[in-house]
Amino acid sequence: MDAIEAILSRRSVRKYKKKTVPKELIDELLNAAMNAPSACNEQPWHFVVVDKREVLDEVPKHHPHSYALREAPLAIVVCVDVNLAEEDGVWWVQDCSAAAENILIAAQAKGLGAVWLGVYPNDNRVKGIRRLLALPQNVVPLCIIPIGYPDEKKPCENRYQSSRIHYNCW
Ligand SMILES: Cc1cc2nc3c(=O)[nH]c(=O)nc-3n(C[C@H](O)[C@H](O)[C@H](O)COP(=O)(O)O)c2cc1C
């Protein structure tokens, strides 16, 4: 599957088979994440891989839209260490979002399913997830990405809108 195919066929997957994802595959997704572009190449991200069922089961107490975690064998929590994001400290959301999107596309390319669960900038979610995962104060969780072998099939959607494209000026 080439990159465009993976991008166009990717859809949020929230149901997963009871099948373990091999560690090598998780590492491939993390490698894809860490090859994302970042402002001044600061690469300010950290990733918390959660595969303990008792921890995954705690997340919905702090995140109201995280039912996808109920069946997921694992999740990657994409975080920033704000001390690593020095360039005005304002670019890290974009840096870490690029890393998160790489994980979603890489998962699709590898036959896995995933979904982005937003954490930052919701204060309650940030505080709850920080406490649950024992993140230091300088670490902010941007999103949680449950990952597993898909147990639902979603069709591609044609979202191309020529009305949203402008050449040279609005
Ligand atoms: C910033 C952001 C936050 C999101 N938060 C959630 C969430 O909390 N729970 C969830 O189930 N899906 C969440 N999603 C997934 C969106 O619902 C999904 O991407 C959107 O409906 C489009 O569907 P698609 O991913 O299948 O193309 C989030 C996506 C983004 C980009």
On a heavy-atom basis, the closest approach of Ala36 and Trp45 is O-CH2, 3.3 Å
Distance check, rounded to the nearest 0.5 Å: Leu112 atom CG versus Leu104 atom CG? 11.5 Å
ILVMFWY cluster, Val77 and Val82 together (side-chain gap under 4.5 Å): yes
Does Asp151 use its side chain to pair, donor to acceptor, with the backbone of Lys15 at less than 3.5 Å? no
4.5 Å side-chain heavy-atom contact, Val126 and Pro141: yes
Taking the side chain as every heavy atom from C-beta outward, state whether Trp92 and Leu142 have any atom pair closer than 4.5 Å. yes
For residues 64-77, which residue pairs pass the salt bridge (charged side-chain N to carboxylate O under 4.0 Å, His left out) check, not counting sequence neighbours? none
Are side-chain heavy atoms of Leu84 and His46 found at a separation under 4.5 Å? yes
Do Val139 and Val48 come within less than 4.5 Å of each other through their side chains, counting heavy atoms only? no
Tell me whether Ile26 is reachable from Ile105 by hopping between hydrophobic residues (I, L, V, M, F, W, Y) whose side-chain heavy atoms are closer than 4.5 Å. no
Within the supplied structure, the quantity of interest is the number of heavy atoms (other residues, nucleotides, ligands) at a distance under 6.0 Å from Lys23 NZ; does it exceed 12? no
Between Gln43 and Met34, is the side-chain contact (heavy atoms from CB on, under 4.5 Å) condition met? List the steps. CA-CA 7 Å; Gln43 306 171 35; Met34 289 188 226; 5.7 Å; no
Do the side-chain N and O atoms of Asn31 and Asp27 include a donor-acceptor pair separated by under 3.5 angstrom? no
Spacing of Thr20 atom OG1 and Asp51 atom CG [to the nearest 0.5 Å]: 9.5 Å
Value for CG (Asn102) from CG (Asn35), rounded to nearest 0.5 Å, stands at 7.5 Å
Report yes or no: do Ile145 and Ile7 belong to one cluster of Ile/Leu/Val/Met/Phe/Trp/Tyr joined by side chain heavy-atom distances under 4.5 Å? no
Within this structure, what is the CZ-CG distance for the pair Arg53 and Leu69, rounded to the nearest 0.5 Å? 7.5 Å
Closest approach of Trp116 to Glu101 (non-hydrogen atoms, all atoms of both residues): CZ3-N, 4.2 Å
Val78 versus Tyr120: any side-chain heavy-atom pair under 4.5 Å? no
Could you tell me whether the side chain of Asp95 and the main chain of Ala39 form a donor-acceptor pair under 3.5 Å? yes
Check step by step if side-chain contact (heavy atoms from CB on, under 4.5 Å) holds for Glu28 and Leu25. CA-CA 5 Å; Glu28 282 196 76; Leu25 217 38; 3.7 Å; yes
How many angstroms lie between atom CE of Met1 and atom CD of Gln108, to the nearest 0.5 angstrom? 5.0 Å
Using 30° and 60° as the class boundaries, would you call the ring planes of His63 and His65 parallel, tilted or perpendicular? perpendicular
Considering non-hydrogen atoms only, spot the tightest contact between Ala106 and Ala32 and give its length. CB-CB, 3.8 Å
Over all heavy atoms of both residues, which pair between Cys143 and Ala100 is shortest? Give the atoms and the distance, please. SG-CB, 3.8 Å
Do Val115 and Leu117 come within less than 4.5 Å of each other through their side chains, counting heavy atoms only? yes
With heavy-atom distances below 4.5 Å as the criterion, would you say the side chains of Trp91 and Cys40 are in contact? no
State the CG-OG distance between Leu56 and Ser66, to the nearest 0.5 angstrom. 10.0 Å
Which atom pair, heavy atoms only, marks the closest approach of Gly113 to Tyr16? O-CE2, 3.5 Å
Enumerate the salt bridge (charged side-chain N to carboxylate O under 4.0 Å, His left out) contacts for residues 121-133, please, sequence neighbours excluded, ordered by first and then second residue. none
Are side-chain heavy atoms of Val50 and Ile144 found at a separation under 4.5 Å? no
In terms of hydrophobic clusters joined by side-chain contacts under 4.5 Å, are Val80 and Val93 together? yes
Glu5 to Ser9 - nearest heavy-atom pair and separation: O-OG, 2.7 Å
